[in-house]
Amino acid sequence: MALGVDFGRPVFVSSLGIRCFPQSARYSSTAAIGQPEFGRGNDRSEEQAAKQVKEASPEECDEAVEDLSEVKAKAKAKQVQESQKSDILIVQRVWAMLLGIGPPLRAIASMSREDWAKKFCHWKDKFKSTMQHYWLGTKLLWADIRISSRLLVKLANGKGLSRRERQQLTRTTADIFRLVPLQFLL
């Protein structure tokens, strides 16, 4: 940054040729400093001000263009480097995922016939116990539905329900409403 003077005010000029006026100097008047104001018949001070304004030389223009091209080249190199980093990160993630699958696949591939027999026996027992669990649950729900339907008939005939009967009806209704979304999954 270079410091210059423009019409009696300090000016900062960057290497790219950008002029910056400090806030305090921008809003101050020349009368407060004691310098004559421009445009009031003082031609000599206008000529001096015009001489003080320094025009950029061709060398300075070339420097500014070179600085600008250097900055653009650095920005481009940084952008390319960041894109390469993101590509490397994606490749690393995919590779880690594939390597994560590798050990289980190696374990499966190295299993003997006896190991496979044990594994299938375990899966069969697990499936069988799960099906028994669902079968018992279905039978219990069906029994609760039969009891609750009798309670609904009792209510329809105008009779009241005891506290336990009301709890039974509420519990069965809640079970049915929980089962409806499950039907879409099964």
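The analysis underlying the following values was restricted to heavy atoms, covering all of them including side chains, and did not include hydrogens, waters or symmetry mates.
A donor-acceptor contact under 3.5 angstrom links the side chains of Gln168 and Arg171, judged on distance only.
Two different hydrophobic clusters hold Val180 and Leu141 under the rule that ILVMFWY side chains link at heavy-atom gaps under 4.5 Å. A continuous path of ILVMFWY side-chain contacts below 4.5 Å connects Leu152 to Leu161, so both sit in one hydrophobic cluster. Ile145 and Leu140 fall into different hydrophobic clusters, where Ile, Leu, Val, Met, Phe, Trp and Tyr are joined by side-chain heavy atoms under 4.5 Å apart, directly or via other members.
Counting non-hydrogen atoms of neighbouring residues, nucleotides and ligands closer than 6.0 angstrom, the CH2 atom of Trp135 reaches no more than 12 such neighbours. Atom NZ of Lys118 sits in a sparse spot, with 12 or fewer heavy atoms from other residues, nucleotides or ligands closer than 6.0 Å.
Proximity of a side-chain donor or acceptor of Thr172 to a complementary backbone N or O of Leu169 within less than 3.5 Å is not detected.
Of the inter-residue distances, the one linking Ser149 atom OG with Lys154 atom NZ reads 13.0 Å to the nearest 0.5 angstrom. Here CD of Glu66 is found 11.0 Å from CD of Glu59. Values are rounded to the nearest 0.5 Å. Rounding to the nearest 0.5 Å places CE of Met131 at 9.5 Å from OG1 of Thr138. Atom NZ of Lys126 is separated from atom SG of Cys121 by 13.5 Å, given to the nearest 0.5 angstrom.
Ring centroids of Phe120 and Trp116 are separated by less than 6.0 Å, placing the two rings close together.
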Item to complete: For the pair Leu151 and Leu155, evaluate side-chain contact (heavy atoms from CB on, under 4.5 Å) and give the outcome as yes or no after the intermediate values.
Response: CA-CA 6 Å; Leu151 294 175; Leu155 270 175; over 6 Å; no

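Salt bridge Asp175/Arg178: present, at least one basic N to carboxylate O contact under 4.0 Å.
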